[in-house]
Amino acid sequence: MNDSSFIPYSRPFIEQPAMVKKIEAHYQFMDQRRSLREFSDKSVDKAVIEKLIMAASTAPSGAHKQPWTFCAVSNPEIKKQIRIAAEEEEYENYHGRMSEDWLDDLRPFGTDWHKEFLEIAPWLIVVFKKVYDLNDGEKTKNYYVNESVGLASGFLLSAIHEAGLVALTHTPSPMNFLIKILNRPVNEKPFLLIPVGYPKDDATVPDLTRKSLGEVSVFFE
Ligand code: IYR
């Protein structure tokens, strides 16, 4: 028995040469995206953040459960609480919790325990994963939660880039303080903390290169 209903779906047909041009341009565009740590305090309209979240929420998810909540924080008091708690954890990370190898791997990025961007960026989007759903106290299952929320976060980063804004995929660890500060229900666990805004005028990024096609793919023809 099939109790779902289906509706027609199609995409505009694109000829191959036009497709090659289009996807080349898209690749060039995506290749401009960088993780930023130096934000301007310039404000971003709430309407933009709302649409970014709606774009993220179009991601595929296990059994279409959309097991995510995006908490968007612009309130300075709450951003301050988040910064203080994140810096407490990061201080411990940089002073003993992270291995020497890990610290060596991070050296090119110039990171340390100071996280002033958490107060400077106009918005912090905190992505929570819903380990299970809770409706009127009733537990229901979600599936492939990490995969689903990872995809939605990727869609979010891509939308942020499309908007001409920048972001950082930040994972202060452990992130449990976010549950308390943002008063999340028991079925939600923090997944990523993403400051969003404009880059600072004189912002810089590490001089990185990306792996080549040959390094990231294998073709079987
Ligand atoms: N969470 C720390 C450390 C850190 C870890 C990784 I892996 C990075 O790619 C970057 C940073 C911090 O945010 O500083």
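The structure presented is a predicted model; accordingly, all values stated were derived computationally and were not measured. Every number for a ligand or one of its atoms is a count from 1 in the order of the listing.
Relative to atom 9 (O) of ligand 1, the option among Leu103, Asp105, Leu106, Thr169 with the closest non-hydrogen atom is Leu106.
No hydrogens or angles considered: a donor-acceptor pair under 3.5 Å links the side chains of Glu24 and Gln28.
Closest to atom 7 (I) of ligand 1, if we only count protein heavy atoms, is Trp102 NE1, 3.6 Å. Among protein heavy atoms, atom 1 (N) of ligand 1 sits closest to Glu90 OE2, 2.9 Å.
Of all atoms in ligand 1, numbered sequentially from 1 with element shown, those under 4.0 Å from a heavy atom of Lys115 are 12 (C), 13 (O), 14 (O). Per-residue contacts place Tyr94 under 4.0 angstrom from the following atoms of ligand 1 (heavy atoms of the residue considered): 2 (C), 3 (C), 12 (C), 14 (O). Those atoms of ligand 1 that come under 4.0 Å of a heavy atom in Arg37, given as number and element, are 10 (C).
In this structure, Trp113 has no heavy atom closer than 4.0 Å to ligand 1. By the 4.0 Å heavy-atom criterion, Thr171 is counted among the residues contacting ligand 1. No heavy atom of His114 sits closer than 4.0 Å to any atom of ligand 1.
Classified by interplanar angle (parallel below 30°, tilted 30° to 60°, perpendicular above 60°), the ring pair Trp113/Tyr91 is perpendicular.
Using a 4.0 Å cut-off between charged nitrogen and carboxylate oxygen, Lys211 and Glu215 do not count as a salt-bridge pair. Ion pairing of Arg210 with Asp31 is present here, as a side-chain N (NZ or NE/NH1/NH2) and a carboxylate O approach within less than 4.0 Å.
In terms of N/O distances under 3.5 Å, ligand 1 is approached by His170.
Figure legend: cation-pi geometry between Lys139 and Tyr132, with NZ or CZ positioned under 6.0 Å from the six-membered ring centre and within 45° of its axis.
Of all non-hydrogen atoms in Lys130 and Asn142, the two that sit nearest each other are O-ND2, 2.9 Å. Heavy-atom minimum distance, Ala86 versus Leu118: CB-CD1, 3.6 Å.
Neither the backbone nor the side chain of Glu89 comes within contact range of ligand 1; no heavy atom lies under 4.0 Å.
The side-chain hydrogen bond (donor to acceptor under 3.5 Å, both in side chains) test with Lys129 is passed by exactly one of Asn146, Thr69, Asn187: Asn146.
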